[in-house]
Colleague: 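Got a structure here, written out as structure tokens. Questions coming.
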Amino acid sequence: MLEDKLGGLTDKDKFVTEGAAIAAYTNSREVTRFILLAAYHDAVEDADAPGLIKKGRPAVSPCLTYDGFRDDRNLTLEHIAPLAGSSDWDSAIYANRDLVHRIGNMVLVPTVANSSFSSRAWPYKRVLYQALGASSHADAEKILAAAAAAGIEFGDSTQEIVTKASFMPQLSAIGNRSDTWTNEFVEERSKRLLGLAWDELYAWLQ
């Protein structure tokens with residue numbers, strides 16, 4: 001019976017391996033969003049693996065709830081490495097056209113912020129993720145000010161969106177990845193997210 005409920009996927013390793021190879025965004029946006037919410041649920045930044053999250057304590061960051069599903073912070077799927085490749089991004093990401101659509105390259109952001117990310121270079125997106133993941137408006141403003149001092153500046157509208165946005169802790173993990181965004185990391189992040197989602201959802205089916 002359990003096998004029927006899980007569509008034949010009773011093994012976590014199989015679920016993670018096969019799921020990581022799927023172009024999640026083009027396959028089903030709603031399923032991708034649901035899997036991300038499951039992965040984010042009560043997750044915290046993994047200090048030992050910059051850019052990734054891990055399971056935290058209960059109620060630390062509830063996402064897979066009715067309110068979480070309707071929350072504007074979680075409504076829009078955004079491609080971290082943008083759809084259109086450029087010299088600002090690792091060309092290997094675009095060698096396999098499906099890779100840019102994999103779940104490891106996706107993140108949930110507020111609808112109003114999605115256009116601000118657009119096709120910006122990774123250093124710019126990284127700052128925006130850091131600022132949206134800041135725990136206070138003052139901290140978000142400090143992040144933007146430090147970036148401006150380093151030559152990474154944003155228009156007034158983008159700064160206003162970021163400093164007034166609600167707290168998005170899952171974005172800080174991405175923003176704290178200082179290394180380049182690569183195809184290898186997309187693969188690693190895909191597997192981490194799917195593993196977290198499996199652990200959260202499998203418990204429902206016991």
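Small disclaimer: the values here were computed from a predicted structure and weren't measured.
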Colleague: Do Arg189 and Ile80 touch side chain to side chain, with heavy atoms closer than 4.5 Å?
Modeller: yes
Colleague: Report yes if the side chains of Leu196 and His41 come closer than 4.5 Å at any heavy-atom pair, otherwise no.
Modeller: no
Colleague: Less than 4.5 Å apart, any side-chain heavy atom of Trp122 and any of Arg177?
Modeller: yes
Colleague: Are Val31 and Ile22 grouped together when hydrophobic residues (ILVMFWY) are joined by side-chain heavy atoms under 4.5 angstrom apart?
Modeller: no
Colleague: Could you tell me which non-hydrogen atom of Ala20 sits nearest to which non-hydrogen atom of Ser190, and how far apart they are?
Modeller: CB-CB, 4.0 Å
Colleague: Determine whether Val162 and Phe154 make a side-chain contact, defined as any pair of heavy atoms from C-beta on separated by less than 4.5 Å.
Modeller: no
Colleague: What I'd like to find out is whether the side chain of Ser178 reaches to under 4.5 Å of the side chain of Arg126, using heavy atoms alone.
Modeller: yes
Colleague: Are Val60 and Leu37 connected, step by step, through hydrophobic side chains (Ile, Leu, Val, Met, Phe, Trp, Tyr) whose heavy atoms are closer than 4.5 Å?
Modeller: no
Colleague: For residues Leu52 and Val44: do they belong to one hydrophobic cluster (side chain heavy atoms under 4.5 Å, members Ile, Leu, Val, Met, Phe, Trp, Tyr)?
Modeller: no
Colleague: Hey, could you give me each pair passing side chain to side chain donor-acceptor pair (under 3.5 Å) that has a residue in residues 94-110? Not counting sequence neighbours.
Modeller: His79-His101, Asn105-Trp181
Colleague: Quick one: do Tyr25 and Phe34 end up in the same hydrophobic cluster if we chain Ile, Leu, Val, Met, Phe, Trp and Tyr together by side-chain heavy atoms under 4.5 Å apart?
Modeller: yes
Colleague: For the pair Glu188 and Arg192, find out whether any cationic side-chain nitrogen is under 4.0 Å from an anionic carboxylate oxygen.
Modeller: no
Colleague: Are side-chain heavy atoms of Leu201 and Ile35 found at a separation under 4.5 Å?
Modeller: yes
Colleague: A side-chain contact here means heavy atoms from C-beta on lying under 4.5 Å apart; do Lys125 and Ile174 qualify?
Modeller: no
Colleague: Salt bridge check: are Arg120 and Asp88 linked by an N-O gap of less than 4.0 Å?
Modeller: no
Colleague: Tell me the closest heavy-atom pair linking Leu108 and Tyr40, and the distance in Å.
Modeller: N-OH, 3.4 Å
Colleague: Could you point out which residue of Leu132, Thr76, Val107 forms a side-chain contact (heavy atoms from CB on, under 4.5 Å) with Phe117?
Modeller: Leu132
Colleague: Within the structure provided, determine whether Asp42 and Arg57 are in side-chain contact (heavy-atom separation under 4.5 Å).
Modeller: no
